[in-house]
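Since the structure comes first, as C-alpha cells, the remarks are kept for the end.
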Amino acid sequence: MSENTGNVIRQLPDSVANIIAAGEVVQNPASVLKELVENSIDAGATEVRVVIKDAGRTLIQVIDNGCGMNDIDARLAFERHATSKIQSASDLMQLHTMGFRGEALASIAAVAHVDLITRREQDELGIKVEIAGSKLINEEPIVAPKGSQFCVKDLFFNTPARRNFLKKDSTELKNLETEFIRIALAHPDVALTFVHNSQTLYDLKAANLRVRVSAVAGKAMSKYLLPIECDNEIVKLSGFVGTTESARKTAGNQYFIVNNRFMKSSYFHKAIIEAYRNIIPNDQSPAYYVYMDVDPQTIDVNVHPQKTEIKFENDSEVWRILNATVKECLGKNNIMPTIDFEVDSNIALNIPAKGEYNMDQIADLLSLDPSRRIDIYNPFDNESDSKYKSVPFTYDRGEGCTAPVQTYTSKLGQGSSYTGGGSYSSSYSHIPQPSTRGWETLYEGLEKQREEPVQQTLDINVSTIESGLNSTILPSERFYQYKGRYIVVQVQDGLMLIDQRRAHERIQYDTISGMISSGHAASQPLMFPEYIAIGAEDACIVEELSSELSRVGLEVEYLAEEGNLKITAIPAIFEVDQARSFIEQLIYDCQNGEIDIQAGIQEYVCTAVAAQSAMPYGKMLTNEEMSSLYDRLFSSASPAMTPRGKRIFALLDDNTLNSMFA
C-alpha cells in the first residue's frame, strides 16, 4: 500500500474564489446593474445615472453623487468580503442597507474589466482604479466630480461559456429594465435615469410614491390605483392596489417593497388574491404596489443570493393584516361583486298580445291612425281573458309633430305609457305571472294519468316522441348539434362526434398559417384605436414581437409617456376584444416561460391567434354552417388534432353502438 505524502486540500486563490462566487452573484448584466445601483443608494446618492450599451455586453456604467471613497477604500472595495455596511454578526439583524456581504464588486471584477473613478467632497482630487479579472491594472489620481462612477466593460470576457449563455439583447435589456424599475419603486426619493445605446428610456425625478408609480407603470395606470394604509406594532403598510379594471393574466405591475427592498413572495401574493376573490376572474391578478415597513430584527434578508426573498418571523400575522387591509380598501371604494338585476329584453317579447300585436307593430299602427283603439292582453290581470280594464294609453308622436300628445284606451294596466320613439315603460315587471287556472288544469291532467293504465301512457308517449322527431328533423339534414358543443354526423362506420370549437380552431390555424406563408395576412384597420394600459416591462415583450405580430395583421405601438399600448389594426379574423385578450395572454406566456421568444414564436402566434378567434362553445349553427365546418375540417392536412394537440373528433362505430343495446 503506497503512502500519499502530498497535500490534497488546498486553499483556492482569491481570483478563482471570486469567479466561483460570481456564478451566484453575477448571473447576467441585470445582476451587475442591481449591485452597482444599490451601492450608490447606500452611499447616499440622490441622483443615479445608468448607461447601457448592447444590453450590458459592452458597457454597464453607473454614475452617482454619493459620498465617494478615498484611495485606500477604492482599492479595498474590490477585495472579497470587504464592506462598510457591517462590523459584527449582530449587525446582520439590524440591516438598513441594500448590500452588506462584500461580494458584489469582487465578483464583478473577477469576470469583467472594471474602471472606478471616485472622489469625496473634502478631497481635491479623486482616484481612478482599473481592474480586469481580479488583477489591478492601474491606479492613479484624477480630477473627478464628487461621487463614484463604475464602468463595467466586456462582461464575462474570461468566461466565454457564460457569455455564450446570455440571451439575445432584447431579452437582456428587459431584465435590465426590470431591475431598474424595482429599484426605482423602492426609492422614489432618488432621481434615476436609464440610457440604452444613447437613447433615454427612463428619466425619473425624485417624487412622491404615486408620481413614481405613474412614471414607471404609465399615466394610464394612475386612475386604477387605490391607496392602502395600515400601521400597527407588527407592520406598517402603504402603497396602492388596483381596481378590477387593472386585473390582467400577466404577472406585471405586482410589487412588494420591504424596508425599501424589493421582495418576491408567493405567500403574500395569495393574501391579496384572496381579498379579490369573487371580484375578478380566477385566472387574473390585480396590480399592486405594497410597501411594508417592519422591524429589521423580525426579518432575514440573507436567505437568497440575489436577496429577493425575505424570511419573516411572524409571516402569518403579516398575511392576515395585509389581507384585511386590502379588503377594507376594496370595501371603502365599493369594489365589490355586483348582481345584475337587468331583465333580458327578450322576456318582454314573450308577453302575448291580443291580435298578436307587439310593441313595434303598435307604434306603426298608431303613427298611421292616432285615434285607433288597440286592445292588448294584460297578463297581470287576474280576471278572465274576456274582461279588460280601460286605462290611459299615451302615445307621443315625437319632436317636430304639431299634433298634441293624446291619450288612448288600452289593456296594459294603470301606470303604463308608450311613446313614439319605440320605447315602452311600465310601472309593472315585464315577467308574466302564471295563471292559477293553468296549474289546476295541469294538476287535473296528472291525476287523470295516474288513474290510467301504465301501458296506455307508454303508448301515448312513444307516439308523441315519433311525431316530434318527424316534425323537427328533416331527412335531408345530415348534421345534429348537441348542446352547442358537439356536431353529430352519420358516417359509413357509425356516428362521428366533432368538437365544433376545436374544429374551428384547426381551420383558423390553417388559414392564418397559409396567409403568413404567402405573405398576405389580412389586416383590419381600426377607425378608433384601442388602448391597453401596460408597464414598460410588458411593452418590451410586445415590441420585440411586433414584426411577428405584423405578419398576422396585428399592428401595435407603445406610447411610453402614457403607458398605453395602441392597437391600430387587428387580424381580419379577430374581434377587438379578442385582440386585447390575445396580447394579455402573449405577455403572460412570455413572462412565465411558456414560450421561448428566441425560437418558435411564429408557431406560437399562429396557434394563439387560432385559439382566440375560434368560435365559443354554445354558438348555435345552421345545417349549412355545420356542413361547411365539416368539409373545411377534413380538407385540412391534420384534421384529427388541434394545433395545441387536443383531439377534435371521436367515432362511435357500429359495434360499439350495437353493444349498448345488447
Side-chain angles (χ1 to χ4, degrees), residues 181-192 202 204-248 250-281 284-295 299 310 312 315 317-338 531-538 561-564:
I181 289 173
R182 290 173 178 177
I183 297 172
L185 289 173
H187 301 277
D189 56 332
V190 178
L192 294 162
Y202 295 93
L204 307 176
K205 308 299 182 183
N208 59 43
L209 185 56
R210 179 179 281 274
V211 173
R212 176 57 58 90
V213 170
S214 299
V216 169
K219 296 180 181 178
M221 178 59 68
S222 180
K223 61 182 178 181
Y224 300 127
L225 299 179
L226 305 174
I228 61 172
E229 187 174 357
C230 178
D231 191 359
N232 54 48
E233 297 178 353
I234 298 176
V235 61
K236 178 182 178 181
L237 293 176
S238 60
F240 305 94
V241 295
T243 63
T244 54
E245 291 82 3
S246 72
R248 297 285 185 270
T250 59
N253 297 328
Q254 296 166 355
Y255 297 90
F256 287 112
I257 309 295
V258 179
N259 292 357
N260 297 326
R261 183 191 302 274
F262 171 78
M263 176 191 71
K264 292 180 180 179
S265 177
S266 58
Y267 180 66
F268 291 129
H269 173 76
K270 292 180 181 178
I272 296 181
I273 295 300
E274 182 68 22
Y276 280 84
R277 176 179 289 187
N278 298 328
I279 300 179
I280 61 176
Q284 294 186 2
S285 298
Y288 57 77
Y289 303 83
V290 177
Y291 291 72
M292 302 181 185
D293 290 331
V294 298
D295 185 349
I299 59 174
I310 299 177
F312 283 72
D315 53 359
E317 289 84 353
V318 176
W319 193 100
R320 288 193 291 268
I321 293 172
L322 176 61
N323 178 261
T325 302
V326 175
K327 282 185 176 179
E328 180 185 13
C329 172
L330 298 177
K332 286 182 177 179
N333 291 276
N334 296 322
I335 310 297
M336 301 299 293
T338 58
Y531 297 89
I532 304 177
I534 63 174
E537 298 176 65
D538 298 342
E561 294 185 359
E562 301 177 4
N564 276 328

*In chain order, what residues pass the salt bridge (charged side-chain N to carboxylate O under 4.0 Å, His left out) check against Lys264, with sequence neighbours excluded?*
none
*Side-chain contact, heavy-atom cut-off 4.5 Å: Arg248 with Gln284?*
no
*asked:* With rounding to the nearest 0.5 angstrom, report the CD1 to SG distance, Ile321 to Cys230.
replied: 6.0 Å
_Can you tell me how far apart CG (Asp231) and CG (Asp293) are? Round to the nearest 0.5 Å._
8.5 Å
_Using the side chain to side chain contact (heavy atoms under 4.5 Å, CB included) criterion, which residues pair with Ala186? Sequence neighbours excluded._
Ile257
*Kindly compute the distance separating OG (Ser246) from CE (Met221), expressed to the nearest 0.5 Å.*
5.5 Å
*Using ring-ring contact (aromatic ring centres under 6.0 Å, His included) as the criterion, point out the one residue from Tyr291, Phe262, Tyr289, Tyr288 that pairs with Phe256.*
Tyr288
*Which value, rounded to the nearest 0.5 Å, describes the distance between Asn333 atom CG and Leu226 atom CG?*
4.5 Å
Could you go through residues 233-242 and list every donor-acceptor pair under 3.5 Å that involves a side-chain atom there, pairing it with any protein atom two or more places apart or in another chain?
none

_Using every non-hydrogen atom in the two residues, find where Ala275 and Leu330 come nearest and quote the distance to one decimal._
O-CD1, 3.6 Å
*Where is the tightest heavy-atom contact between Asn259 and Ile299, given as atom of each residue plus distance?*
ND2-CD1, 3.7 Å
*Which atom names give the shortest non-hydrogen contact between Ser222 and Arg210, and what distance separates them?*
O-NH1, 3.4 Å
_Using the side chain to side chain contact (heavy atoms under 4.5 Å, CB included) criterion, which residues pair with Ala191? Sequence neighbours excluded._
Glu47
_Which residues pass the side-chain hydrogen bond (donor to acceptor under 3.5 Å, both in side chains) test with Tyr276, not counting sequence neighbours?_
none
*Tell me, please, which residues at least two apart from Tyr202 pass ring pair (Phe, Tyr, Trp, His ring centres under 6.0 Å).*
Phe180
*Considering only heavy atoms from C-beta outward, does the side chain of Pro286 approach that of Ile272 to under 4.5 Å?*
yes
_Given 3.5 Å as the limit, does a donor-acceptor pair link the side chain of Asn564 with the main chain of Tyr531, or not?_
no
*asked:* To check you understand the geometry: which heavy-atom pair defines the closest contact between Met292 and Phe312, and what is its length?
replied: SD-CZ, 4.2 Å
*Considering residues at least two apart in sequence or located in another chain, which fulfil the salt bridge (charged side-chain N to carboxylate O under 4.0 Å, His left out) criterion with Lys205?*
Asp203
_Minimum heavy-atom distance between Asn208 and Pro188, given as atom pair plus value_ = O-CB, 4.3 Å
*After noting the C-alpha distance and the side-chain angles of Val290 and Tyr255, does the key distance pass the side chain to side chain contact (heavy atoms under 4.5 Å, CB included) rule?*
CA-CA 6 Å; Val290 177; Tyr255 297 90; over 6 Å; no
*Listed by chain and number, what are the side chain to side chain contact (heavy atoms under 4.5 Å, CB included) partners of Glu245, not counting sequence neighbours?*
Tyr224, Thr243
*Working to the nearest 0.5 Å, report the span between CG of Leu225 and CG of Leu209.*
9.0 Å
*Which pairs pass salt bridge (charged side-chain N to carboxylate O under 4.0 Å, His left out) with one or both residues in residues 181-191, sequence neighbours excluded?*
Glu179-Arg182
*Quick one: side-chain hydrogen bond (donor to acceptor under 3.5 Å, both in side chains) partners of Glu274, sequence neighbours excluded?*
Arg277
_Rounded distance [0.5 Å steps], CD1 in Ile273 versus CZ in Phe268_ = 14.5 Å
*Between Ala184 and Arg212, what is the shortest heavy-atom contact and its length?*
O-NH1, 2.8 Å
*asked:* Tell me every residue that passes side-chain hydrogen bond (donor to acceptor under 3.5 Å, both in side chains) with Glu229, counting only those two or more places apart in sequence or in another chain.
replied: none
